[in-house]
Amino acid sequence: MNMTENNVNVCTVNRYLAPLLPRAILVIFAVVLLPRMLLFFYLGGELPVPPRDQPLYIRMADRIASGEGFSFSADQGLAKNLLISLNDHKPLWTASDDYVFGLTPVETPTAVMEPGYPVLLGIFFRLFGGVSGSVFSLNLLFALAGAFAVRKLVMDVWGAESGLMAGIMWALYPPYVYYSAYAMTETAHFSLLAISAMLIFSTGRGKRKGFLAGVSTGVFFLIRATALFLVPLQLAYLAWRRRWKALLYYSAGFLVAVSPWVVRNWISMGEPILMPTKGALNLLTRNDPDILAIEGIIVPDYITVNNLDLLEYPSVDSIPGELARSRALGKAGRIYVFSNPGLMTWLAWNRATDFLAPGGSTLGVRGKVAGLVIYPLMLFGAIGLWRNRSHPEAVFLFALFVLYLLVHVLAHGGVRYRLPVDAVFLIGVALGTCCGRGKR
């Protein structure tokens with residue numbers, strides 16, 4: 001088959017999509033709503049299991065809805081320690097019931113986790129009650145926003161047909177549908193990644209001044225601190241497009257979005273904290289071989305682990321208070337990580353292969369089978385991006401995948417789900433199957 005025949009066949013996809021373009025908004029609504037509502041009814045209106053971190057977000061949201069603020073209750077501290085005792089874990093946290101994670105005192109303001117999702121979920125609990133429908137409704141809004149963002153970012157660069165194809169694929173992608181049932185930040189993460197990319201592309205093309213792009217990344221950060229690593233990449237993209245004024249507007253937007261959180265911490269906790277304090281805990285514990293074993297990650301015997309004494313959790317009496325404990329854990333974690341290059345190299349490779357697998361332990365067997373779709377998507381998506389490598393947007397998307405892979409393999413302890421940047425390959429597939437005009 002020659003190139004002309006190939007182009008005619010590929011453009012057939014455009015002809016099938018063209019009749020849907022006048023009703024593209026309704027199409028996106030339908031492909032987002034239908035599978036998620038079917039999942040809701042399939043689960044009988046319940047949240048999926050295993051629960052993972054859902055109780056943490058639900059309880060925090062309930063306290064916010066009840067006017068207790070961003071803090072943990074005394075019951076949560078007791079329940080956390082009882083759970084650890086029942087599971088016969090090593091003393092991961094302190095034995096004190098007055099602390100959650102052995103890090104933050106109960107009944108006091110905390111900065112242990114990102115505030116965005118618990119606050120939004122708390123608002124929905126306040127409006128609709130503490131029911132699973134509130135979780136589905138919030139996640140459904142994020143899913144709609146993500147699908148429309150993917151459609152627009154592709155449409156603005158490669159044309160309406162490619163945009164519609166990308167939006168449909170994003171909306172129907174099995175892991176994105178599955179996680180929309182969880183009371184966790186995954187759906188918000190997938191969606192805000194697309195929204196921030198869409199806005200930064202618009203800014204880079206001179207259609208916006210950059211303020212909204214900065215705000216979107218700031219809001220993203222308040223839901224997942226991982227977004228902080230996006231800032232240098234987004235600034236580099238704007239510099240590449242020579243949008244110098246947009247750099248200032250972007251920075252202002254980001255600061256405006258995160259400033260309420262920083263000011264709140266300054267007033268409530270005495271310091272202008274930006275990063276969640278639990279990051280220090282994760283750095284230490286999620287590289288601990290004994291704790292990794294709970295996640296199913298078994299460190300081989302031939303790997304030498306140095307400075308095991310740093311893994312000993314400090315007592316509350318020796319280091320009281322959340323901020324002091326976070327600093328102590330962070331210091332111990334950094335020393336431990338840098339003193340174990342062999343362990344960290346092995347973990348990085350292990351995490352990379354697991355993150356590129358069909359799915360983590362949260363998905364279960366059926367979820368992993370559905371996740372097998374990632375392999376053809378990665379192949380055809382990479383081809384689609386490569387063919388569009390002359391576009392800065394395609395280069396940005398590929399760099400986004402590399403960045404996320406590096407961040408997760410270096411910093412994440414357990415593999416429960418796929419990388420949140422599968423949308424990169426979904427977009428690549430849409431570009432490869434549609435004849436986008438490729439605006440400059």
Kindly indicate whether the side chain of [X], heavy atoms from C-beta on, has any atom under 4.5 Å from the side chain of [Y].
X      : Y      : answer
Leu140 : Phe136 : no
Ile200 : Tyr250 : yes
Leu281 : Ser326 : no
Val100 : Val112 : no
Asn287 : Met344 : yes
Leu144 : Phe29  : yes
Tyr176 : Asp422 : yes
Ile291 : Arg286 : no

- Message: Salt bridge or not between Glu322 and Lys278? Use side-chain N to carboxylate O under 4.0 Å.
- Response: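 Salt bridge absent between Glu322 and Lys278.
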Within the side chain of [X], is there an N or O that forms a donor-acceptor pair under 3.5 Å with the backbone of [Y]?
X      : Y      : result
Trp170 : Leu426 : no
Asn388 : Gly384 : yes
Ser137 : Gly133 : yes
Asp62  : Ile58  : no
Ser339 : Tyr336 : yes
Arg351 : Val409 : yes
Arg243 : Ala239 : no

More than 12 foreign heavy atoms under 6.0 Å from [atom1] of [X]: is that the case here?
X      : atom1 : answer
Arg389 : CZ    : yes
Phe338 : CZ    : no
Trp240 : CH2   : yes
Arg126 : CZ    : no
Phe398 : CZ    : no
Phe380 : CZ    : no
Ile25  : CD1   : no

- Message: Test side-chain contact (heavy atoms from CB on, under 4.5 Å) on Leu121 and Val135; report intermediate values, then the result.
- Response: CA-CA 7 Å; Leu121 189 56; Val135 176; 4.0 Å; yes
Any side-chain donor-acceptor pair under 3.5 Å between [X] and [Y]?
X      : Y      : result
Gln234 : Thr217 : yes
Gln54  : Tyr182 : no
Ser73  : Arg59  : no
Glu393 : Tyr237 : yes
Thr203 : Arg208 : no
Thr110 : Thr104 : yes

Do you know which two heavy atoms are closest between [X] and [Y], and how far apart they sit?
X      : Y      : value
Leu39  : Val177 : CD2-O, 3.4 Å
Glu114 : Ala225 : OE2-N, 2.9 Å
Arg36  : Val31  : NH1-O, 4.0 Å
Ala30  : Pro35  : O-CD, 4.1 Å
Gly330 : Leu283 : O-CD2, 4.0 Å
Phe142 : Ser191 : O-OG, 2.6 Å

- Task: Start with the C-alpha gap between Phe201 and Phe396, add the side-chain angles, then the distance that decides, and say whether ring pair (Phe, Tyr, Trp, His ring centres under 6.0 Å) holds.
- Result: CA-CA 9 Å; Phe201 286 176; Phe396 177 94; 5.3 Å; yes
- Parallel, tilted or perpendicular: which describes the rings of Tyr404 and His189, with under 30° parallel and over 60° perpendicular? tilted
- Before giving the answer on ring pair (Phe, Tyr, Trp, His ring centres under 6.0 Å), spell out for Tyr117 and Tyr57 the whole-Å C-alpha distance, their side-chain angles and the decisive distance to 0.1 Å. CA-CA 8 Å; Tyr117 191 79; Tyr57 289 106; 5.7 Å; yes
- Query: Checking side-chain contact (heavy atoms from CB on, under 4.5 Å) for the pair Arg241/Arg205: CA distance, chi angles, key distance, verdict?
  - Reply: CA-CA 7 Å; Arg241 299 308 297 263; Arg205 297 175 63 82; 4.3 Å; yes
